Every structure is written in C-alpha cells, then in structure tokens.
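First the proteins, then the strands, lettered A, B, ... as listed; each starts at 1. The model shown is predicted, which means the values in this text are computed figures rather than measured ones.
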2 protein chains.
Amino acid sequence: MAFTESYLPYLLARASHEVSSTFHASLKGWDLSVPEWRVLACLSDIDGLGVGQLAAMALMKQPSMTKVLDRMEADGLVRRRSTREDRRRVLIHLTPKGRARVRPVLAAARAHQDSLLAPLGGEERALILRALRLLIGEDEGGAPEA
Amino acid sequence: MAFTESYLPYLLARASHEVSSTFHASLKGWDLSVPEWRVLACLSDIDGLGVGQLAAMALMKQPSMTKVLDRMEADGLVRRRSTREDRRRVLIHLTPKGRARVRPVLAAARAHQDSLLAPLGGEERALILRALRLLIGEDEGGAPEA
DNA sequence: GGGCTTTCCATCCCTTTTCATATATCTTGA
DNA sequence: TCAAGATATATGAAAAGGGATGGAAAGCCC
C-alpha cells in the first residue's frame, strides 16, 4: 500500500482537515476566524484562561495567541484581567458580546457534529471518540495507571 | 461534559497535532519544512503530480504550494515538467537529490508510527485505523468505478 | 534577604500562507 | 472557427504564524 494511505499521522491530519473544512468555511458567516472561534469555544467552557493555556488549547504558539487576543479585545469579544495571586498571568474572559457571538456558533458546531456522526452507528461513534482519546493521551479507559 | 472535551472536530485536530508535533520538530534535523516533507512523501508514492493535486494532498492552498515548489526546485529537490497533452499542467517530479533526501525521513516516519502504535494493543490499533477511514470518507465514494 | 532560575506574557522581525487576480490553455457549442 | 466558459498554474499585496528575545514577576535555595 502507498505510504500516504497508511501513515497514521497523515490520515489523522487528513481526517481533521476534511471534517473541519466545511465548518471552518461557514465561520466567515459569523465573521470569525478559526483561532477566534477556538478561543470563544474554550472560554465558553472555562471562562478565565491564561494566554499560554489558550494557545495550547487552540494548537498555536503563544505569540500568535497574543495577537489573536489583541484583535478580539479590540473587537470587544474578550477582556484581559490580571490576577492578584500571580501578576504575570493575564486571564482572558468572555465579554457579554463575546458570549452572544459564540452562542449560535456553538449550536451550529453541535449540529455539524451530529451530521458527521449521523451516518454512523452508535457503536462506531463511541469507538471513534475512544480512539481519539487514546491518541490524545487523555486515555480514561477505566483502569488508572495500568 | 465540557464542549471541547467531546467535540469531534476538535478532538481530531488535537490528536493530529499531538501525534505529529514531535516528528515535525525532528524534521529540522533533515532541513525540511512540513510542507516540503509532505511533498517529498507524496512524490515518493506517485512521481509526477500536478501543483493542485499536491496542494490538496498536503492540505494547503494552491498558491502556497506553488511557492513551496519554487523553493524546492531552487534547492534541487524537485523538477517541474510540462506535459504535451495539457500544457497548462505542470507535473512535479522528484530529482535524485530529492529522492535521496526523503529516504531516511521515510524510514524515520515509519519508526515514528511504530512507536506511536507500540503501546497500544492490536485491538486498539485496528480501532484507530478503522475510525479514521470512516471519517476520511471511505463511505463517501462507495464503489471505486470509472 | 539576595541572587539565580523559571514562568508568563508582549514585542520585534522574518518567513510562510492566503486572498484576489492575472495569464495561459483547454473545452464546448453554435 | 471563434467566442465563452472552465481549468491549471503563477503573481503580488496583505495577513498570519513562529522563533528569538525582553521585561516583569514568582519560586527556589543557600
């Protein structure tokens, strides 16, 4: 078999690209870039994350994230707040505007996921999610530290 | 459960990123960028691909690929050849230098894949590959007929 | 407490990517 | 054959991304 058809990292990259491309294209309709969408989604999970944490979660480097946040803060989507406990850290929070902006996108994302999983059986869905968690390393297979 | 922990496209992107990051870092040792490595790997599968085809396989846009190929051609890794049948097309071929350059990287990539799969059981490996094939669209074309 | 190291974010600068578009070639249909 | 449309690649300006670095703050250890 050809290398590119069986090489796991390439298959993963390809799967990720195909699964996300249509949704990423539709982000323009909400006037959001992919990093902006990721930041808003992360913050709607956990409001108040550091720049480095957000960069890691959005799969980017920290300097890139700083610039993304500059734009988003200028647009009024997020707000930087320093903390008393550690004055190096800058925690990023959603503004009401950011929260309102992300709400319909989250709904669309869930719908997109449903449409992806619709043609699959319930077992297959569970298998896919487990496989990905295995690769990511957040393996929660039941037995801790086997 | 938090959105980012169960959203399939994000899990895929994260898995892809984690799986490839160490190998991508090691590419610097061979003086190759990620797109360059992808081009060489694709061409070692099929020598003689168009610019647009290569861009799609390397998950980039066509203008980006044109510039990647400019650099690689200047480095003597690939060669552009026009075809008689369709003079718009430019087929990209590996040079001997390109072929020699990619050989050890292909071997390292296979080793990397092995190390990724080593800690997993045979059942889990099969699960992951099956999940990825499902997502990439073995279901999208159906029977591969003319 | 004073230095040394580490961590966290911002800034600078260069490379790469991308969007929009241009140019060349092929295809189609009257 | 010729004009329109479609397809393949190239180009140029603008934006994004990332490495290197700087400054500030915290942790550490004697």
- request: Please answer: with hydrophobic residues joined when any side-chain heavy atoms are less than 4.5 Å apart, are B/Trp37 and A/Tyr10 in the same cluster?
  value: yes
- line: To the nearest angstrom, the CE-C1' distance between A/Met72 and C/dA10 comes to 18 Å
Please list each protein N or O that sits under 3.5 Å from an N or O in nucleotides 16-22 of chain C, with the distance.
from   : atom 1 : to      : atom 2 : distance (Å)
C/dT17 : OP2    : B/Arg71 : NH2    : 3.0
C/dT18 : OP2    : B/Lys61 : N      : 3.4
C/dT18 : OP2    : B/Ser64 : OG     : 2.7
C/dT18 : O4     : B/Lys67 : NZ     : 2.5

statement: If each end axis of the helix from C/dG1-D/dC30 to C/dA30-D/dT1 is fitted on five C1' pair positions, the angle between them, to 10 degrees, is 30°
query: In whole Å, what is the span from the CD atom of A/Gln53 to the P atom of C/dC8?
result: 8 Å
message: Strictly by salt bridge (Lys or Arg N to Asp or Glu O under 4.0 Å), give each pair with a member in residues 57-72 of chain B just once, sequence neighbours left out.
response: B/Asp70-B/Arg80
- request: State the CG-CD distance between B/Asp75 and B/Glu36, to the nearest 0.5 angstrom.
  value: 6.5 Å
message: With a cut-off of less than 4.0 Å, is there a side-chain N or O of B/Thr66 near OP1 or OP2 of D/dT9?
response: no
Between CD1 on residue A/Ile136 and CZ on residue B/Arg14, distance to nearest 0.5 Å: 5.5 Å
- prompt: Out of curiosity, B/Leu91 CG to B/Leu49 CG, how far, rounded to the nearest 0.5 Å?
  reply: 8.0 Å
query: Do B/Leu8 and A/Leu116 come within less than 4.5 Å of each other through their side chains, counting heavy atoms only?
result: yes
message: Does B/Met65 form a side-chain contact (heavy atoms from CB on, under 4.5 Å) with B/Val39? I'd like the steps, not just the answer.
response: CA-CA 9 Å; B/Met65 181 53 70; B/Val39 166; 3.6 Å; yes
- prompt: Hey, are B/Arg89 and B/Gln53 close enough side-chain-wise for a donor-acceptor pair under 3.5 Å?
  reply: yes
message: Generate the contact string for nucleotides 24-29 of chain C. Rules: B means base contact, S means sugar-phosphate contact only, - means no protein heavy atom under 4.0 Å.
response: BBS---
Collect all protein-nucleotide pairs involving nucleotides 2-5 of chain C in which both atoms are nitrogen or oxygen and the distance is under 3.5 Å.
none

field: Pairwise ring pair (Phe, Tyr, Trp, His ring centres under 6.0 Å) hits with a residue in residues 75-118 of chain A, at least two apart
entry: A/Phe23-A/His112
- request: Could you state the atom-to-atom distance from CG of B/Asp70 to C1' of D/dG12 in whole Å?
  value: 13 Å
- request: Would you please confirm or rule out a distance under 4.0 Å between OP1 or OP2 of D/dA24 and any side-chain N or O of A/Arg89?
  value: no
task: Under the side-chain contact (heavy atoms from CB on, under 4.5 Å) rule, what do B/Arg133 and A/Leu11 come out as? Steps first, then yes or no, please.
output: CA-CA 8 Å; B/Arg133 295 235 162 78; A/Leu11 292 179; 4.3 Å; yes
- line: Rounded to whole Å, CG of B/Asp75 lies from C1' of C/dT15 at a distance of 14 Å
Step-by-step side-chain contact (heavy atoms from CB on, under 4.5 Å) determination, B/Thr4 to A/Ile46: CA-CA 10 Å; B/Thr4 50; A/Ile46 309 174; over 6 Å; no
- request: List the steps and the verdict of side-chain contact (heavy atoms from CB on, under 4.5 Å) for A/Leu54 and A/Cys42.
  value: CA-CA 7 Å; A/Leu54 274 172; A/Cys42 290; 3.9 Å; yes
message: With a 3.5 Å distance limit and no angle check, can you tell me whether B/Arg101 reaches the backbone of B/Trp30 through a side-chain donor-acceptor pair?
response: yes
message: Can you measure A/Arg81 atom CZ to C/dC8 atom C1' for me and round it to whole angstrom units?
response: 19 Å
